[in-house]
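Since we're looking at a predicted model, the values are computed, not measured. Values reported hereafter were calculated over all heavy atoms of this structure, with side chains retained and with hydrogens, waters and symmetry mates removed.
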Amino acid sequence: MILLIIDMLIIMVFSECYIRMFIPVKNVCYDHDPILGDTYCPNQRTFGYVEDNYYNILLTNSIGFHDYHHEIGENGKLKIQFYGDSMTGAIGVPIDDTIPSVVEKEMGSDQFEVMNMSSPEDSTIAQYLVYENIGYQFSPDAVVVLFMCDFDDNIIETHYKTRSPYLKLDDNNNFVFIAPEKIDMETFLARLKKKSHFYRFAANKVLSSKLYYNVDTFFKKRKLIQSRNKSNNNYDDVRKSLIKNKSWPITTSLLKAFRKKVNEDGGIFILIDGQLFVEKCSGCFKNNDLKEFCKQNSISYISVYDAIEELKLQDRSSYFFEDGHLNSIGNQIIAKEISTKLLKIFVTVKEK
């Protein structure tokens with residue numbers, strides 16, 4: 001038994017060394033915040049590999065975002081902050097090729113400073129909390145939310161992650177904060193996840209496998225149906241009902257609160273609609289419903305989902321990674337469209 005244990009340790013040490021030397025592996029460093037949920041470790045330079053063609057190094061700044069350092073205070077430039085999910089965070093490309101960085105270059109880095117404020121948490125809720133706790137300190141002139149049909153991510157029943165933050169509406173339509181599950185980052189397993197490339201390599205292989213996806217999806221669907229006490233209901237029907245009756249009210253109320261907070265801080269709030277609404281992500285709602293909501297609530301609205309869909313109809317591998325995220329070329333194209341539309345909004349605001 002002792003010899004077997006020694007052999008296993010030797011194999012693990014050899015595997016760790018071999019992977020570090022020859023196999024780029026996703027070993028992104030995460031921290032856990034009692035309000036924000038999962039965050040990127042600040043000032044990290046780690047392997048960011050997820051799949052073929054992904055840029056191999058992840059860099060984060062002093063506040064834990066995939067971006068360069070930004071100073072608090074005025075510098076003579078209009079300051080724009082971008083919030084969004086993994087499409088905006090874009091850890092699969094170099095910082096210069098993220099949508100916020102390309103927007104800055106397209107709009108003119110001598111006049112605009114664009115910040116990427118996207119955390120590992122995908123929900124609109126997390127984006128609002130990041131602004132409320134970190135982003136506001138930089139006094140942005142504009143806050144831009146790249147909305148990617150985030151309805152599933154904004155309620156725990158369909159997002160599933162207990163370590164993420166959530167909000168719910170009480171009987172008076174006031175927000176009630178649901179703190180993320182407390183995570184001890186100093187346990188042996190947590191430290192192992194941070195440090196060991198062998199552990200991450202094995203975990204990545206399992207988590208990205210089709211078998212794991214099928215099993216995980218089966219149990220999630222089963223749990224959702226059972227949680228609604230309607231075991232004979234169809235999963236899709238239960239999910240659509242949740243989006244209509246819970247996620248849409250929370251999401252729209254959150255966007256109104258986000259716009260109000262930014263306006264009170266002296267900035268303008270802009271929503272970019274980045275994903276075509278289909279039943280799989282939005283239930284019964286369409287992009288025009290979101291556009292009409294923005295119009296009724298004085299939220300500047302930009303759509304780029306049609307441009308993204310157009311790229312999908314072309315040579316998909318030229319613009320997207322296999323996991324669906326835009327690559328550097330795709331980001332360049334979409335960022336140019338965003339820049340053109342943002343400039344029109346700034347001209348309109350200036351004229352007013």
Side-chain angles (χ1 to χ4, degrees), residues 82-89 99 118-119 121-129 144-161 164-169 173 175 213 216-217 220-221 223-225 227-228 230 233-259 269-313 316 320 323-326 330 334 337-338 341:
F82 265 74
Y83 293 81
D85 61 9
S86 53
M87 189 75 81
T88 308
I99 286 177
S118 298
S119 76
E121 296 283 358
D122 287 338
S123 68
T124 318
I125 293 167
Q127 294 159 30
Y128 175 74
L129 293 173
V144 179
V145 170
L146 181 50
F147 188 82
M148 300 297 292
C149 201
D150 298 334
F151 301 110
D152 274 349
D153 297 326
N154 288 336
I155 55 173
I156 193 170
E157 291 90 340
T158 49
H159 192 224
Y160 311 112
K161 298 179 181 178
S164 299
Y166 296 97
L167 297 172
K168 67 177 182 179
L169 293 170
N173 284 325
F175 284 125
Y213 175 80
D216 186 55
T217 300
K220 284 177 178 177
K221 288 182 176 181
K223 183 179 179 180
L224 175 60
I225 292 174
S227 70
R228 310 307 293 175
K230 297 178 181 179
N233 266 35
N234 179 277
Y235 167 78
D236 291 330
D237 292 338
V238 174
R239 185 184 159 279
K240 287 178 186 177
S241 177
L242 277 168
I243 290 176
K244 179 180 180 181
N245 298 310
K246 185 174 182 180
S247 186
W248 176 267
I250 287 175
T251 302
T252 51
S253 296
L254 183 64
L255 290 172
K256 286 192 288 187
F258 209 157
R259 188 263 304 160
F269 182 75
I270 301 166
L271 184 136
I272 299 177
D273 197 356
Q275 185 168 331
L276 179 67
F277 284 14
V278 294
E279 285 189 7
K280 185 177 179 181
C281 75
S282 65
C284 61
F285 295 102
K286 302 297 182 183
N287 294 90
N288 278 339
D289 295 317
L290 183 61
K291 182 178 181 181
E292 185 60 28
F293 160 78
C294 290
K295 181 179 179 181
Q296 293 175 0
N297 291 277
S298 303
I299 295 174
S300 296
Y301 174 89
I302 292 174
S303 68
V304 295
Y305 63 85
D306 47 353
I308 293 177
E309 289 300 311
E310 180 65 28
L311 293 183
K312 292 178 181 178
L313 296 175
R316 186 184 179 97
F320 296 89
D323 64 4
H325 292 100
L326 289 164
I334 299 305
E337 175 144 347
I338 290 174
K341 294 182 176 181

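Between Arg239 and Ser282, the shortest heavy-atom contact is NH2-N, 4.2 Å. Considering every non-hydrogen atom in both Phe293 and Thr252, the closest pair reads CZ-O, 3.2 Å. Scanning both residues, Ala307 and Ile334, for their nearest heavy atoms gives CB-CD1, 3.9 Å. The nearest pair of heavy atoms linking Lys240 to Glu279 is NZ-OE1, 2.8 Å. Closest non-hydrogen pair, Thr88 versus Phe82, comes out as CG2-CB, 4.1 Å. Considering all non-hydrogen atoms of both residues, Ser123 and Ala126 come closest at OG-N, 3.0 Å.
Ring geometry for Trp248 against Phe285 counts as parallel: the plane angle stays under 30°, on a 0 to 90° scale with 60° as the upper cut. Ring planes of Tyr128 and Phe258: perpendicular class, angle over 60° (limits at 30 and 60°).
Put simply, CD1 on Ile125 and NE2 on His159 are 9.5 Å apart, with the number rounded to the nearest 0.5 Å. Here OG of Ser253 is found 10.0 Å from CG of Leu167. Values are rounded to the nearest 0.5 Å. Interatomic distance, CG of Leu276 versus CD of Glu309, reported as 4.5 Å (0.5 Å rounding). Distance CD/Glu121 to CG/Leu129: 9.5 Å, rounded to 0.5 Å. Interatomic distance, SG of Cys294 versus CG of Leu290, reported as 4.5 Å (0.5 Å rounding). The NZ atom of Lys280 sits 11.0 Å away from the SG atom of Cys149 when rounded to the nearest 0.5 Å.
Open room surrounds NZ on Lys244; 12 or fewer heavy atoms of other groups in view lie less than 6.0 Å from it. Within a 6.0 Å radius of NZ in Lys312, other residues, nucleotides and ligands contribute more than 12 heavy atoms.
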Phe277/Asp289 under side chain to side chain contact (heavy atoms under 4.5 Å, CB included): CA gap, chis, key distance, verdict:
CA-CA 10 Å; Phe277 284 14; Asp289 295 317; 5.9 Å; no
Report the C-alpha separation of Ser247 and Leu242 in whole Å, then their side-chain angles, then the decisive distance to 0.1 Å, and conclude whether the side chain to side chain contact (heavy atoms under 4.5 Å, CB included) test is met.
CA-CA 6 Å; Ser247 186; Leu242 277 168; over 6 Å; no
Go through the steps to decide whether Ile272 and Val144 satisfy the test side chain to side chain contact (heavy atoms under 4.5 Å, CB included), and finish with yes or no.
CA-CA 7 Å; Ile272 299 177; Val144 179; 3.3 Å; yes
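By the 4.5 Å heavy-atom criterion applied to side chains, Asp306 and Asn287 are not counted as neighbours. When side chains are defined from C-beta on, Phe269 does not count as touching Lys256, because their heavy atoms never get closer than 4.5 Å. In this structure, the side chains of Gln275 and Ile308 stay at 4.5 Å or more apart for every pair of heavy atoms. For the pair Phe175 and Leu169, the minimum side-chain heavy-atom distance is below 4.5 Å.
In this structure a side-chain-to-backbone donor-acceptor pair under 3.5 Å is missing from Asn297 to Ile299. Proximity of a side-chain donor or acceptor of Thr158 to a complementary backbone N or O of Asp152 within less than 3.5 Å is detected. Of the possible polar contacts, one joining the Ser118 side chain to the Gly84 backbone as a donor-acceptor pair under 3.5 Å is found. Here the side chain of Asn154 pairs no donor or acceptor atom with the backbone of Phe151 at under 3.5 angstrom. No donor-acceptor pair under 3.5 Å is formed between the side chain of Ser303 and the backbone N or O of Tyr305. When atom types are taken as modelled, the side chain of Asp85 and the backbone of Thr124 share no donor-acceptor pair closer than 3.5 angstrom.
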